[in-house]
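Chain letters run A, B, ... following the sequence lines, proteins first and then strands; every chain starts at 1.
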Number of protein chains: 2
Amino acid sequence: MLKKPTLEHILEALEQADTLEGMQTASVALRDHLDVWHIAYHWVDSAGDQYGCGTYSIEWQQRYMAQNYQRLDPVIIGCYQRFHPVDWKQLDWSSKAARAFQKEAIEYGIGNQGFSVPIRGPNGQFALFTVNDSCDDAAWAHFTEKHRRELILVAHYFNEKALYFEPDRVADPVQPLSPREVDAMTLLAIGYNRAQAADTLSISEHTLRVYIESARFKLGAMNTTHAVARALSRGLIVV
Amino acid sequence: MLKKPTLEHILEALEQADTLEGMQTASVALRDHLDVWHIAYHWVDSAGDQYGCGTYSIEWQQRYMAQNYQRLDPVIIGCYQRFHPVDWKQLDWSSKAARAFQKEAIEYGIGNQGFSVPIRGPNGQFALFTVNDSCDDAAWAHFTEKHRRELILVAHYFNEKALYFEPDRVADPVQPLSPREVDAMTLLAIGYNRAQAADTLSISEHTLRVYIESARFKLGAMNTTHAVARALSRGLIVV
DNA sequence: ACTGACCTCACTATTATTGGGGAGTAGAAA
DNA sequence: TTTCTACTCCCCAATAATAGTGAGGTCAGT
């Protein structure tokens, strides 16, 4: 490189990106900027789909996906229940499968040190942003301490871009529910049965049913449970 | 004030905080640093509990909670499905309830301009970090453009601290669902009835019921609809 | 070899929910 | 003024859900 791009430049380039290659370019630039082995952004979908970008070798990415390693990768498992960024050393590598996985990763050119930022979006979307390197513990601790804040920020920007590229999020036109329908859906979503919900709203159970039915039609739902699920995932109610 | 603290100082003070008052102090310091009317961090809990900190008046906070305004607050509703920080102007204030809410908020000393950052943690935890002020649109657009990145970062730090203070709320019913339970919840959430779901999974309806029941138990849900709603809002299933 | 978690299936009984109907009010919008 | 939407109430028969009981199998980890 003639000149290292600043973090500002990288973030701006990332903001401007309108293809996946833009994210790829940004991850390479960031790797050079931070002078580490690897940068990786990895979207983990509970449907099993996944995609990502980063500087891991194609071979490792293919191997990872072919083997469905996200099911046993301690980084994925460990981050899934966390909010805080995590150093790989803090994770649970005790199982035999995990150690075998780590050994194989290193053979594929992954460094022994890692720092991963879990990121979440709407509807349970989950992704990881990872910095990877090979060095001793003290140097790594120093690095993560120094760059923690910018890594969080960059992780956020990567995920923002990824959500932008994911088409599902901008789809369905939302027909709004009436206030009473929102009440009904909300109470059902927090576990009330019809009698309790009707009582809470001070209306008859029959009336409550009318709201449930009309909400069901508006939401195009096949039954009450479906209606509540749709109301939730469309953000029409907050529980 | 003798001297405005820098953002670095505020973040460091926040990191050091080991009581809720520390968050409160940080929000006041941040308000002064940014020279805005209000800073607010607001945890929206699936149990209906909520807490937060910030510079809103006690009266407004009490009013908000007493009226369960999180159910109709366009900021909450609008941010819930988003990942990106959002300017309040982009939200849907068209309903009568929303306008009445806004009017009342202004009477309680809330400014007309707002910028909210949605934040998510494990198990569907959701919170908002908001900056509020009163100024014209151009000035506000300039402000949000200028401070966007640091606001994202600060939002993250506030939530990190909040999760640290309230581990129970996240850790409480952490039990993950088994694969079959996830299948069952997912199929119910997309509108299948038991017969269809059982057929889809190629198991008997009796067996399906066992999964629904065990998922319901794990989720601490009172009925099937509640279980599906919880699975959704905790991000255990994606529809 | 044992423990525990998961997957699969069956029975009985009671209670709750659903999906069809229909009908009248009030208030806002056209 | 008419029309529309939201809100309120009611019946009935069929279906779904709940709460117990039980059993037997696999598979991973200690």
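Ring orientation note: the planes of W60(A) and Y108(A) are tilted relative to one another, at an angle of 30° to 60°.
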Heavy-atom contacts, protein to nucleotides 2-11 of chain D, under 4.0 Å, summarised as B (base), S (sugar-phosphate only) or - (none) per nt, yield ----SSBBB-

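Atoms CG (N223(A)) and P (dA16(D)) sit 10 Å apart, rounded to a whole Å. L188(B) places its CG atom 19 Å from the P atom of dT15(D), with the value rounded to the nearest Å. A straight line from CG of D92(A) to C1' of dG29(D) spans 13 Å, rounded to a whole angstrom. Taking atom CD of Q196(B) as the reference point, atom P of dA17(D) lies 11 Å away to the nearest angstrom.
Over its full length, the helix from dA1(C)-dT30(D) to dA30(C)-dT1(D) turns its helical axis through 70°, comparing axes from the five pairs at each end and rounding to 10°.
Here W140(A) pairs with F143(A) under the ring pair (Phe, Tyr, Trp, His ring centres under 6.0 Å) rule; sequence neighbours left out. Legend: residues meeting side-chain hydrogen bond (donor to acceptor under 3.5 Å, both in side chains) with T224(A), ordered by chain and number and at least two apart, are absent. Applying the ring pair (Phe, Tyr, Trp, His ring centres under 6.0 Å) criterion to H226(B), with sequence neighbours excluded, gives no partner residue. Contacts of K161(B) classified as salt bridge (charged side-chain N to carboxylate O under 4.0 Å, His left out), with partners at least two apart in sequence or in another chain: none. With sequence neighbours excluded, the residues that form a ring pair (Phe, Tyr, Trp, His ring centres under 6.0 Å) with F129(B) are F158(B). Evaluation of the side-chain hydrogen bond (donor to acceptor under 3.5 Å, both in side chains) rule for D18(B) yields no partner, not counting sequence neighbours. Residues meeting the side-chain hydrogen bond (donor to acceptor under 3.5 Å, both in side chains) test with Y41(B), sequence neighbours left out: N159(B). Shown here are the side-chain hydrogen bond (donor to acceptor under 3.5 Å, both in side chains) partners of T200(A), two or more places apart in sequence or in another chain: there are none. Applying the ring pair (Phe, Tyr, Trp, His ring centres under 6.0 Å) rule to W37(B) yields no partners; only residues at least two apart in sequence or on another chain are considered.
The span of DNA chain C lying next to chain B, judged by atoms under 4.0 Å from heavy atoms, is bounded 5' to 3' by dC6(C) to dA10(C).
Heavy atoms of T224(A) sit under 4.0 angstrom from primed sugar atoms or phosphate atoms, though from no base atom.
In summary, the aromatic rings of F115(A) and H147(A) are positioned with their centroids too far apart to meet the 6.0 Å limit.
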